[in-house]
*Asks:* 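Okay, handing you the structure first.
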Amino acid sequence: MAMKAFGLEGDPVANSLVKVAIETDTASVTSDEAEKLDLAVRFASYNEKIYIVRSLAVNGLGSLNNVKIRDLVNRGYRAKKLMLEIASRIPIREVINIYSPVNLGISYRQLTIELQHRGGAKMVNILLRLDRRTFRYYCGADRSSPYDCTQVAARLGGGGHKYASGAQYKSPFFSPGKGIEVFINTLKTYLNTDRLEVLELTGNSVRAMTY
């Protein structure tokens, strides 16, 4: 629609950028260009993102030859490598629930996608503790499953769509641990279960906890 509005439907540079944008937006990255741009942007600061956008506007996908952007891509690859190492230690279940008490410097959204792609995981719920009181929720669900990420995200004050949603919320000032309890109780209610397995990511280890 944007290409049509700006009269760029026949422009090869615009078409290549839109193709990459669709791949990353739908989490169906198949081209090398889409993967590199996704990794560069995913871990970029606000100013770095602005730099990437301006370069793409001028040079299109040729921006991937830019030295600064190549450095951002390599940083993304290092984070992806760490994410894959963590994913290899996580046992696959139909529903996987994860709590990360510290930011490990990976893309947690990317982790939900990777666990789904490994087969067997129909819904992945991740809670990341950003600071003492702030928590970030990530959810990914398989399109062939009955699970609906929005049913959990909405209860945590967030949103998205059925197959990928998220939320960010704060726990009470004097009860910072309530943030974890809210996550656990919300999942128990949605999954209609009295017992919930949560995998805690602590550095290089994965510890299974039952609540």
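Throughout, numbering of the chain's residues begins at 1 and tracks the sequence.
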*Asks:* Answer yes or no for Arg133 and Phe174: cation-pi contact, defined as NZ/CZ to six-membered ring centre under 6.0 Å and angle to ring axis within 45°.
*Replies:* no

*Asks:* Among residues two or more places apart or on two chains, list those pairs meeting side-chain hydrogen bond (donor to acceptor under 3.5 Å, both in side chains) that have a residue in residues 103-115.
*Replies:* Arg42-Ser107, Ser100-Tyr108, Arg109-Thr112, Glu114-Arg118

*Asks:* Is the shortest side-chain heavy-atom distance between Ile52 and Val41 below 4.5 Å?
*Replies:* yes

*Asks:* Going only through I, L, V, M, F, W and Y residues with side-chain contacts under 4.5 Å, is there a path from Met83 to Leu130?
*Replies:* yes

*Asks:* Can Val95 be reached from Ile184 by stepping across I, L, V, M, F, W or Y side chains whose heavy atoms are under 4.5 Å apart?
*Replies:* yes

*Asks:* Using side-chain heavy atoms (C-beta onward) and a distance below 4.5 Å, is Val152 in contact with Phe183?
*Replies:* no

*Asks:* Checking Ser63 side chain against Ser55 main chain: does a donor-acceptor pair fall under 3.5 Å?
*Replies:* yes

*Asks:* Got more than 12 heavy atoms from elsewhere within 6.0 Å of CZ, Arg89?
*Replies:* yes

*Asks:* Could you give me the CA-CA distance, side-chain angles and deciding distance for Phe43 and Leu72, then say whether side-chain contact (heavy atoms from CB on, under 4.5 Å) is met?
*Replies:* CA-CA 8 Å; Phe43 300 96; Leu72 296 176; over 6 Å; no

*Asks:* Have Asp131 and Thr134 got a donor and an acceptor in their side chains that come within less than 3.5 Å?
*Replies:* yes

*Asks:* Using side-chain heavy atoms (C-beta onward) and a distance below 4.5 Å, is Pro176 in contact with Arg129?
*Replies:* yes

*Asks:* Step by step, would you call Lys122 with Ser144 a side-chain contact (heavy atoms from CB on, under 4.5 Å)?
*Replies:* CA-CA 8 Å; Lys122 300 299 182 183; Ser144 64; 3.9 Å; yes

*Asks:* Apply side-chain hydrogen bond (donor to acceptor under 3.5 Å, both in side chains) to Asp142 and Tyr147, showing your working.
*Replies:* CA-CA 8 Å; Asp142 193 273; Tyr147 300 108; over 6 Å; no

*Asks:* Identify whether the distance between the nearest side-chain nitrogen and carboxylate oxygen of Glu200 and Arg207 falls below 4.0 Å.
*Replies:* yes

*Asks:* Pick from Leu64, Thr24, Val73: which one makes a side chain to side chain contact (heavy atoms under 4.5 Å, CB included) with Leu37?
*Replies:* Leu64

*Asks:* Transitively linked via ILVMFWY side-chain contacts under 4.5 Å: Tyr169 with Tyr190?
*Replies:* yes

*Asks:* Does Arg136 qualify as a cation-pi partner of Tyr138, given the criterion of NZ or CZ under 6.0 Å from the six-membered ring centre and within 45 degrees of its axis?
*Replies:* yes

*Asks:* Do other residues, nucleotides or ligands put more than 12 heavy atoms under 6.0 Å from Lys81 NZ?
*Replies:* no

*Asks:* Any ion pair linking Glu181 and Lys178 (charged N to carboxylate O, less than 4.0 Å)?
*Replies:* yes

*Asks:* Look only at the side chain of Arg75 and the backbone of Asp71, and say whether a donor-acceptor pair between them is shorter than 3.5 Å.
*Replies:* no

*Asks:* Measuring only between side-chain heavy atoms, which start at C-beta, is Val182 closer than 4.5 Å to Phe135?
*Replies:* no

*Asks:* Look only at the side chain of Gln116 and the backbone of Ala141, and say whether a donor-acceptor pair between them is shorter than 3.5 Å.
*Replies:* yes

*Asks:* Locate the shortest heavy-atom distance separating Lys162 from Asp148; write the atom from each residue and the value.
*Replies:* CA-OD1, 3.4 Å

*Asks:* Only distances under 3.5 Å count here; give the side-chain donor-acceptor pairs of residues 192-199 to other protein atoms, sequence neighbours excluded, each with its distance to 0.1 Å.
*Replies:*
{"unit_1": "Thr193", "atom_1": "OG1", "unit_2": "Arg195", "atom_2": "N", "d": "3.2"}
{"unit_1": "Thr193", "atom_1": "OG1", "unit_2": "Arg195", "atom_2": "O", "d": "2.9"}
{"unit_1": "Glu197", "atom_1": "OE1", "unit_2": "Arg93", "atom_2": "NE", "d": "3.4"}

*Asks:* Rounded to the nearest 0.5 Å, how far apart are CD1 of Ile126 and CG of Leu115?
*Replies:* 6.5 Å

*Asks:* Checking side-chain contact (heavy atoms from CB on, under 4.5 Å) for the pair Ile98/Leu127: CA distance, chi angles, key distance, verdict?
*Replies:* CA-CA 6 Å; Ile98 296 171; Leu127 183 69; over 6 Å; no

